[in-house]
Amino acid sequence: GQQVMQIPQYQHVQEGEDFTTYCNSSTTLSNIQWYKQRPGGHPVFLIQLVKSGEVKKQKRLTFQFGEAKKNSSLHITATQTTDVGTYFCADLDYNQGGKLIFGQGTELSVKP
Amino acid sequence: KAGVTQTPRYLIKTRGQQVTLSCSPISGHRSVSWYQQTPGQGLQFLFEYFSETQRNKGNFPGRFSGRQFSNSRSEMNVSTLELGDSALYLCASSRDRGQETQYFGPGTRLLVL
């Protein structure tokens with residue numbers, strides 16, 4: 001079946017450093033969604049990317065969708081302790097309604 | 001607007017028992033999806049309900065079942081619990097099928113002893 005791979009699994013950074021997580025698939029992704037899950041919390045929707053090559057920004061967060069729609073990335077500039085959590089990418093296949101195929105997530109820790 | 005609510009929040013059961021979890025979606029949302037989250041397997045799709053009908057199902061055994069009521073509230077049931085069923089069970093609601101944003105509830109943490 002379809003798989004969404006996400007790397008790295010863990011990332012430890014010093015506050016102020018940048019952070020990037022990558023999402024890859026062997027098949028074409030339909031629509032990429034990104035979620036953040038704080039420790040002990042639940043996934044919270046961040047953004048959805050639909051178009052090939054799309055780039056969206058939310059303050060210090062930059063989301064990209066690859067030209068071939070087989071990869072995506074989330075980049076955080078100048079991390080803060082509030083960025084701590086696990087970041088998930090997920091493919092939303094409209095042909096299958098609300099089914100999200102999640103990557104394994106990247107756990108980000110930020111040292112003050 | 002109230003968010004997605006799930007009850008109970010925590011649950012301890014023993015092997016062989018069954019359990020029912022409840023999810024109340026955001027008002028006006030008609031689609032409810034369920035996910036299982038474990039450290040080893042990550043977030044895995046269980047099933048999706050829309051208009052009281054199961055529209056999609058993940059790769060879980062038949063011990064996992066669910067339903068949706070006319071007010072869009074949903075329940076999932078796990079029968080003959082196994083140790084490996086210990087997980088965080090999350091439900092997510094959206095206005096319609098395939099909608100952009102899915103809103104997750106806080107989850108039910110199930111421990112099977």
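Since the structure is predicted, the reported quantities are computational estimates derived from the model, not experimental observations. Lettering of chains follows the sequences in order, A, B, ..., and the numbering in each one begins at 1.
Annotation: F69(B), atom CZ; neighbour count of heavy atoms from other residues, nucleotides and ligands within 6.0 Å is above 12. More than 12 heavy-atom neighbours from other residues, nucleotides or ligands sit within 6.0 angstrom of CZ on R60(A). Counting non-hydrogen atoms of other residues, nucleotides and ligands closer than 6.0 Å to CZ of F19(A) gives a total above 12.
For the atom pair NE2 of H42(A) and CG of L90(B), the computed distance is 8.5 Å after rounding to the nearest 0.5 Å.
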- Message: Evaluate Y35(B) against L100(A) for side-chain contact (heavy atoms from CB on, under 4.5 Å), listing each step before the verdict.
- Response: CA-CA 9 Å; Y35(B) 296 85; L100(A) 283 168; 3.2 Å; yes

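Put simply, V78(B) and V32(B) are part of the same group of oily side chains (I, L, V, M, F, W, Y) that touch within less than 4.5 Å, one to the next. The hydrophobic clustering, which links ILVMFWY residues whose side-chain heavy atoms are closer than 4.5 Å, places L88(B) and V19(B) apart.
Checking Q33(A) against Q102(B) by side-chain atom types alone, no donor-acceptor pair falls below 3.5 Å.
What you find for Q41(B) and Q104(A) is that their closest heavy atoms are O-OE1, 3.3 Å. Annotation for K99(A) and K57(B): closest pair NZ-O, 4.5 Å, computed over non-hydrogen atoms.
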